[in-house]
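We're numbering straight along the sequence, starting at 1. The figures here come from the full heavy-atom set of this structure, side chains too, leaving out hydrogens, waters and symmetry mates.
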Amino acid sequence: MGNCISISLPFDAIFSNCYQSTVAQATYVHNLKENLKALKKASEELTDVKIGLVRRVRIAEEEDQLTCLETVQRWISRAEALDNEVQELLQTESEERNRLCLWGCCSKNYKSSYKYGKRVLRKLAEVTDLKGEGVFEVVAERGPIALVVEVPDEPTVGMEPIFDLVWTKLNEEDVRIMGLYGMGGVGKTTLLRKINNNFLNSQNEYHVIWVVVSKDHTIEKIQNSIREEIRLSCGEDTWKKKTCQQKSKDIFNVLKKKKFILLLDDIWERIDLVEVGIPSPNRQNGSKLVFTTRSMEVCSSMSVDKQVEVKCLSWEESWKLFQEKVGKEALSVHPDILHLAKQVAKECGGLPLALTTIGRAMACKRTPQEWNYAIQILKNSASSFSGMGDKVFPLLKFSYDNLSSEKVRSCFLYCALFPEDWGIVRDDLIYKWMCEGLLDECSDFESLQGQGYTIIGSLLYACLLEEVNETRVKMHDVIRDMALWIACGCEKADHTFLVKTNVELKEPMIERWTEVERISLMKNRIESLSGSPSCPNLSTLFLQENKLRQVRGSFFKFIPKLTVLDLSENESLTRLPKEISKLVSLQYLNLASTSIKELPGELKNLKMMKYLNLDSLDDLNVIPEGVISSFSWLQVLHMFWCGTSSEEMVEDRVECGGNELLVQELESLKHIMTLGVSIKYVTALDRLLTSQMLLNSTQSLLLHFESTLQFLNLSTLSRMERLEKLVLRKCSRLEELNWEWKRREECSSHVPSPPQCSTNDLFLSLCEVRVYYCHNLKELTGLAFAPNLQRLTVCICSAVEEIIRLEKLGDAPEEVKCLQPFLKLESLTLVYLRKLKNIYPKPLPFPCLKEFYVRNCEELKKLPVGSTVTKMRPDLKIIGYESWWNELEWEDETTRDAFLPCFDANVMMQM
């Protein structure tokens, strides 16, 4: 038998353990109600602690830009989990209470109550313990600085090409400071946001710092923004007490250790980086600066390595963006809406802000009538359209407000008088400003032009005007609408404009003129000016390009302050009423390209006249004697191509075609700055050339000597230093354009001639030459002395054999012989030159040539060009008959093939 083990336990110990166990189990049941009550209270207290802690964390994160401590976050997570467990436990509270009996001392299901009571007591202990752990003196701290912080952005439409360009340039080693400029609402900020966020996906070590500057910035505001971005350890109170210089040092000490890219959005003037505390980006520190601005001038002041203009979207991109904002449903609900929607989109001029605002406003329009009405509103009163007057225009107006002076602001608003997409001639605009009193008084043309071009430049730099070419500017449609919104009093400005251009008006709406200061009714169908409008404040009246046939004398009776009157391009207007003399304040009168045959002698009363334009008045042959000389304050007189229709020679009257009496009256204009004149007599030309005042002011000259001139000494004309346009017309006996190289002392006393010529004595201002009906002229070698010539036209000159004949320069100084002609020529037109064989004997580069037009020049077999011309001017067009093109001789097939894409015979066929 195996061994037996005997264990002996005292009875009292066994009894004691059993008793304690039984008492404990009974306690779970007996104290259940009290424990449940305690659990609920403890749970509520835990929730209160958690809510307070969460609030402290949120404040630290949102206001102080801190990061929650991991221990705090874990406690909050445990509290939330424990709270869920307590709530789950309390779901069966009612059922467990109903099981209790004998005043809670026993249970109908003792085992279940025991288990439930035990869980309650344990949860109570857990809640109590966790609540005790929830005391935190610090809940958040500054976390590690992210190299790039993503900024809110939205998908861009149509900006991908400009972004790719900017991103490529930004990654170039030599580009350290880049400026993105463009008009308001064009998408500069959107582009900058895209650049910021693109660094999230690129492998770089840059710390990207984003700062919004805005118009009302201060150095201190910029410093505060940078401090938040780089998380300077200095406390808030301490930072506030520091001076700008101290803050600058703190920022510099942090940034000098970093390789950063600073993105400054919306700057309006030069930011002094040193003053802010920003280390200058250079190769050594590897840092970069990118900023956006509305002013190209700011780009220059910031010494950028690269400036990029952010332009309006192309039509394709505009239409894509507009469709996205309107939505497919609105565009497809009716078959006519798609076509109308395109018209609405075009009114936005490619400006993303306008496309977005108007697109969203039209998203709920479901009928063609609503879309048609929107088109009319946008054309006639864009500020009334939803979102334009309260969102788009106020944003654009910041650029207007930021202009340097009230004078510049007034000059800007004046540009809104012209129609949409109108190419405004710079010089004409300056003359209008001059007569309106918007410019300071100037005694010479250089000062006037300098002042005007400076203002135009400031408007171009501010992206409030757009450059068309060297001579013209234009105003973006939405910018123009904003200008009219201001000028018509919507912003309580001291201007009142009435502008109805290109809207097919047949009546001048004179009932609306009473309180208006400036009126533009250009490009309409108005045929008559009648009635007697009372306009005590009217100073400007534009009526160009209408259908005017008559102007009643009564029309001018009650317009005492009218200063500028433009009636040009009214081809059916044949006369002016003598009552125009009542416009005693008139300073600017433009009658160019009308059919006026005579001027009333009463014009003498317009003593304030400063500008008179009679250009292209072919039928105006005679002016009443004393009219021109009566304008003692006249500064600008245009009579180019005036009085050229008559071949009758008139010696004893002031002939517009240009006789000695006309020149005599011109000599009385002591304030003349700019002159355009036609001359028909040799004696008149000789007298013109003896007046230094007229020589200094002549800008355009037309010579049409029917039978009196055989040789023309161009060296005498070179003394007209401002001569820009020269026309030789019907000089039937003219055989030669010669050039004298004699010294002044060798010249006859009665014929002015220059001293020994040098490059300083050439036609430096001459940019256009036209020659017509000069049938004895064989060459135009004198054009070699016009190095800045841009446009050359030679038509119906049956004897011309060469344009420039090198052997004619035999007596010229070597420096002149070395001149290469046509370096700036943009347009060359040769028509009906039956004997023309050569333009120039050697190949020329023609770096600026855009259009070469040839017609009926059968003997011209070779062009003075090489294949390099097409590489310099990829947009070159050569227009001529296909038979002429096929007969041309080329140096080789390569050259011919290079020019073949430039040739266009279709244009010729259409003529």
Side-chain angles (χ1 to χ4, degrees), residues 703 711-718 723 725-728 731 734-741 757-759 761-772 774-855 857-866 868-869 872-873 876 878 880 888-889 891:
L703 302 177
F711 302 101
L712 178 62
N713 183 2
L714 287 177
S715 55
T716 60
L717 298 184
S718 69
L723 186 64
K725 184 186 298 184
L726 175 63
V727 174
L728 304 177
C731 298
L734 184 63
E735 296 179 5
E736 186 176 0
L737 300 177
N738 55 22
W739 191 281
E740 291 185 4
W741 302 101
C757 185
S758 70
T759 52
D761 299 306
L762 305 179
F763 289 107
L764 297 181
S765 297
L766 191 62
C767 58
E768 181 174 358
V769 173
R770 289 184 272 168
V771 184
Y772 303 98
C774 296
H775 293 298
N776 285 324
L777 194 63
K778 295 183 179 181
E779 40 80 20
L780 291 90
T781 305
L783 297 179
F785 310 126
N788 297 314
L789 190 65
Q790 296 176 10
R791 294 173 295 279
L792 173 61
T793 300
V794 186
C795 291
I796 317 177
C797 298
S798 55
V800 170
E801 298 175 352
E802 294 180 87
I803 301 300
I804 292 182
R805 185 175 293 172
L806 284 180
E807 52 266 31
K808 291 284 290 183
L809 298 176
D811 296 332
E814 287 303 317
E815 58 179 332
V816 176
K817 290 181 181 180
C818 294
L819 287 176
Q820 197 170 50
F822 306 142
L823 284 178
K824 295 187 179 181
L825 195 69
E826 296 177 4
S827 172
L828 176 59
T829 300
L830 306 173
V831 177
Y832 284 102
L833 307 178
R834 300 289 189 182
K835 294 185 179 181
L836 179 66
K837 296 180 179 179
N838 200 7
I839 296 172
Y840 192 78
K842 302 176 183 178
L844 294 171
F846 289 108
C848 299
L849 192 63
K850 298 177 183 178
E851 184 175 272
F852 181 20
Y853 181 93
V854 182
R855 182 175 183 178
C857 300
E858 291 84 357
E859 296 298 316
L860 183 62
K861 302 297 184 183
K862 193 170 183 178
L863 303 181
V865 292
T868 55
V869 174
M872 288 186 286
R873 293 298 319 180
L876 172 66
I878 301 177
L888 282 176
E889 299 172 4
E891 295 179 1

Side-chain heavy atoms of Phe763 within contact of Leu783, under 4.5 Å:
no
Please test Glu736 against Lys778 for side chain to side chain contact (heavy atoms under 4.5 Å, CB included), starting from the C-alpha separation and ending with a verdict.
CA-CA 7 Å; Glu736 186 176 0; Lys778 295 183 179 181; over 6 Å; no
Between Leu777 and Cys731, is there a side-chain heavy-atom distance shorter than 4.5 Å?
no
Phe852 and Ile839: CA distance, side-chain angles, deciding distance, side chain to side chain contact (heavy atoms under 4.5 Å, CB included) verdict
CA-CA 12 Å; Phe852 181 20; Ile839 296 172; 3.7 Å; yes
Any side-chain heavy atom of Leu863 within less than 4.5 Å of one from Leu888?
yes
Tell me which pairs pass side-chain hydrogen bond (donor to acceptor under 3.5 Å, both in side chains) where either residue lies in residues 823-834, with sequence neighbours left out.
Asn788-Lys824, Arg834-Glu858
Pairwise salt bridge (charged side-chain N to carboxylate O under 4.0 Å, His left out) hits with a residue in residues 781-799, at least two apart:
Glu768-Arg791
Who are the side-chain contact (heavy atoms from CB on, under 4.5 Å) partners of Pro843, not counting sequence neighbours?
Glu891
Answer yes or no: are there more than 12 heavy-atom neighbours, outside Lys861 itself, under 6.0 Å from its atom NZ?
yes
Evaluate the side-chain proximity of Phe822 to Ile804: yes if any heavy-atom separation is below 4.5 Å, no if none is.
yes
Indicate yes or no: at least one non-hydrogen side-chain atom of Phe785 is less than 4.5 angstrom from one of Ser718.
no
Just wondering, do Cys848 and Leu823 contact through their side chains at under 4.5 Å, heavy atoms?
no
Just so I know, are the side chains of Leu792 and Ile803 near enough to count as touching, which here means a heavy-atom distance under 4.5 Å?
yes
Contact between Leu728 and Leu712 at the side-chain level, heavy atoms closer than 4.5 Å - yes or no?
yes
Show your working on side chain to side chain contact (heavy atoms under 4.5 Å, CB included) between Ser765 and Leu723 and close with a plain yes or no.
CA-CA 6 Å; Ser765 297; Leu723 186 64; 5.7 Å; no
From Glu851 CD over to Leu876 CG, what is the distance, rounded to the nearest 0.5 angstrom?
9.5 Å
